[in-house]
Each structure stands twice: as C-alpha cells, then as structure tokens.
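Okay, structure first, notes after.
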Amino acid sequence: MASATATVPPTTVQRLPVYLRCLIQAQAMRMPVVNSVQIAEMAGTNAAQVRKDLSYLGEFGTRGVGYDVESLITHLSRRLGIAEQRRVAIVGYGRLGSALQGYHGFDERGMKVVAVFDADPAKVGGSADGLTIEHVDRLESVIEREQVEIAVLTVPGPAARAVADRVVAAGVRAIMNFAPVRLIVPDDVTVRQADMAAELQILAFHLNPSEAMG
Ligand code: NAD
C-alpha cells in the first residue's frame, strides 16, 4: 500500500482522469459504492491495477465493500487539482480553437475556458460562444485579469513558440500544445503535446499486416 503522500507515478496519473470519469458515470447511475472490479470494467483495465492506482491516494476503499463514490470523486478531483475549476485560455481561434471552445464537456471535467485570443483583426472583438475574442497583443493583461492557469495553443506552428514564451512570461505554468512544434519551456512549466496525426500513424502501424501477425 502506497502512502497518501507518495509520489504518484506518471502512468497512474494518466489513468486517474479515466477513473474520475467512470466514478462520475457511477454517480449518474446513483451507485453509492463501487468496487475495483466495477471501476476496472468501466475503465477498461483490471481490478488489481485500479486498487494499486487508488492506493496512491490513500486508504479509501473498504475491503469487501468498495469505494464510496462521492468521497472518491472528491479525493480524485483534489489530487488532480480540479476540485475547483481550472481557468483555461485558448490562443488561436481558428478551426481547432473554435471547436474546443464550443465543446461544453470541459465544465464537468474541471476546466473553464475564460479567455480566447486571436491575431486576426477580422476575428478580434467577435463572440466566441459567449466570450469576446481578445487580440493576442493583450495576452499578458487578460491572462492576469482572468487568472489563467492553463493555456491551450491552437495557433499555426510558426507562431507557437513565440506565443508559448509569452504565456509563460505571463505566469502560466501549464500548456496544452496542438501546434506541431516542440516547445522549450522552463522546468516548472508542464507541456502536453497533442498530436492527432501521430495517434493516427500509430493506428496505421497496427494495420500493417506484419504487425497484425505480431
Ligand atoms: P487555423 O488556421 O484554422 O487557426 C489558427 C488561428 O490562429 C487563426 O484564427 C489565426 O488567425 C490564429 N493565429 C495566427 N497567429 C496567431 C498568433 N500569433 N496569436 C494568436 N492567434 C494567432 O488552424 P487550425 O486548423 O485550427 O490548426 C491550429 C493549430 O493546430 C495548427 O498548428 C495545426 O497544425 C494544429 N492542429 C493540431 C492537431 C493535433 O491533433 N495535434 C489537429 C489539427 C490541427
């Protein structure tokens, strides 16, 4: 059993949002308690893995009974740092940025989009699903005003590095980068690189007859 203060391994951290989503489903189904087998079925993993992962959060399950859904949701949310909604800015209100901004599922996953930026004068001042599109020239002041914690970069590749430098200088410590360039950031800044094309290439790799044969 890992202690509640143990460092959570990165592979476990990747599974925690999945468990949280499953628990929210269980809550919607009015299940007061779930066991590790039920969580594993919903999450597509095995019960031993679930128990091990959740043990990093402390001692919440009751042997033979399971986990109290409400309190596990609270603990997972707290550990994931989304007990209160995280404030997100989208930089680049093009095809992808507008699609993300229009997605209403972020709210229930602990994220709130509070600012949207673009460099195109034809877009600036317009409405982005209830928010006013700000000019990227105002990035620093709006980030400060809106207390942005996470920046989502959906700008073209050539613009991404300069934008990332500015959001970091403005105090943002977490970046989701959709642009196909590697960002160089200080050690205390976390970057997640979203690369759908690479994901598709992995699928293509598995379609290769030689790989399919194992
Ligand atoms: P797009 O051209 O439709 O939108 C880009 C937007 O960024 C435009 O509105 C443009 O005015 C704005 N922009 C340009 N420079 C800017 C700057 N300096 N500051 C603020 N805004 C600026 O492009 P898209 O199709 O939405 O793609 C956006 C980015 O996402 C690209 O880098 C693309 O390669 C990437 N992308 C990644 C994935 C993925 O899976 N990772 C998928 C699709 C697109």
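Bear in mind the structure is a predicted one, so any value in this text is a computation, not a measurement. Indexing begins at 1, ligand by ligand and atom by atom, following the structure's order. In this chain, residues are counted from 1 in sequence order.
- Only the side chain of Lys123 comes within 4.0 Å of ligand 1, counting heavy atoms alone; its backbone N, CA, C and O stay farther away.
- Ranking the protein heavy atoms by distance from atom 17 (C) of ligand 1 puts Ala119 CB, 3.8 Å first.
- At a threshold of 4.5 Å between side-chain heavy atoms, the hydrophobic network of Ile, Leu, Val, Met, Phe, Trp and Tyr places Val181 and Met176 in two separate groups.
- Atoms of ligand 1 found under 4.0 Å from any heavy atom of Met196, numbered from 1 in the order shown, are 39 (C), 40 (O), 41 (N).
- The protein non-hydrogen atom at the shortest distance from atom 13 (N) of ligand 1 is Pro156 CD, 3.8 Å.
- Here the heavy atom of the protein found nearest to atom 28 (C) of ligand 1 is Thr154 O, 3.3 Å.
- Of the inter-residue distances, the one linking Asp107 atom CG with Gln85 atom CD reads 5.0 Å to the nearest 0.5 angstrom.
- Thr74 places a side-chain N or O within 3.5 Å of a backbone atom of Glu70 that can act as its donor or acceptor partner.
- Hydrophobic clustering of Ile, Leu, Val, Met, Phe, Trp and Tyr side chains at less than 4.5 Å, counting indirect connections, keeps Val34 apart from Val18.
- Nearest non-hydrogen protein atom to atom 4 (O) of ligand 1 is Gly94 CA, 3.1 Å.
- With distances taken over non-hydrogen atoms, the option nearest atom 9 (O) of ligand 1 out of Asp137, Ile90, Asp118 is Asp118.
- Under 4.0 Å is where a charged nitrogen must lie from a carboxylate oxygen, and between Glu134 and Arg145 at least one such pair does.
- Taking CG of Leu54 as the start and CD of Gln49 as the end, the distance is 10.0 Å to the nearest 0.5 Å.
- A salt bridge is defined here as a Lys NZ or Arg NE, NH1 or NH2 lying under 4.0 Å from an Asp or Glu carboxylate O, and Glu149 with Arg86 meets this definition.
- Within the structure, ring-ring contact (aromatic ring centres under 6.0 Å, His included) pairs that include any residue of residues 84-134 comprise Tyr103-Phe106 (at least two apart or interchain).
- Against a heavy-atom cut-off of under 4.0 Å, Asp120 is close to the following atoms of ligand 1: 11 (O).
- Residue Val155 has at least one nitrogen or oxygen atom sitting less than 3.5 Å from a nitrogen or oxygen atom of ligand 1, judged on distance alone.
- Following chains of ILVMFWY side-chain contacts shorter than 4.5 Å, one can reach Val172 starting from Val114, so the two form part of one hydrophobic cluster.
- Remark: side-chain polar atoms of Glu146 are not paired, donor with acceptor, to backbone N or O of Ile143 under 3.5 angstrom.
- Sorted by first then second residue, the ring-ring contact (aromatic ring centres under 6.0 Å, His included) pairs that include residues 139-178, not counting sequence neighbours, number zero.
- In this structure, atom 26 (O) of ligand 1 lies nearest to the protein heavy atom Leu96 N, 2.7 Å.
- Among protein heavy atoms, atom 3 (O) of ligand 1 sits closest to Arg95 N, 2.9 Å.
- Considering only non-hydrogen protein atoms, atom 37 (C) of ligand 1 sits nearest to Phe178 O, 3.0 Å.
- Interface atoms of ligand 1 facing Ala194, defined by a heavy-atom separation under 4.0 Å, are 39 (C), 41 (N).
- Of all atoms in ligand 1, numbered sequentially from 1 with element shown, those under 4.0 Å from a heavy atom of Val136 are 19 (N), 20 (C).
- Atoms of ligand 1 found under 4.0 Å from any heavy atom of Ala159 (numbered from 1 in listed order, with element): 15 (N), 18 (N).
- Under a 4.0 Å criterion applied to the non-hydrogen atoms of Ala179, ligand 1 contributes the atoms 32 (O).
- Which parts of ligand 1 touch Pro180 is read off a 4.0 Å heavy-atom cut-off, strictly below it: atoms 32 (O), 34 (O).
- Side-chain atoms of Tyr67 and Asn35 include no donor-acceptor pair closer than 3.5 Å.
- Under 4.0 Å from ligand 1, the heavy atoms of Asp195 that appear belong solely to its backbone.
- If you number the atoms of ligand 1 from 1 as listed, the ones under 4.0 Å from a heavy atom of Gly157 come out as 32 (O).
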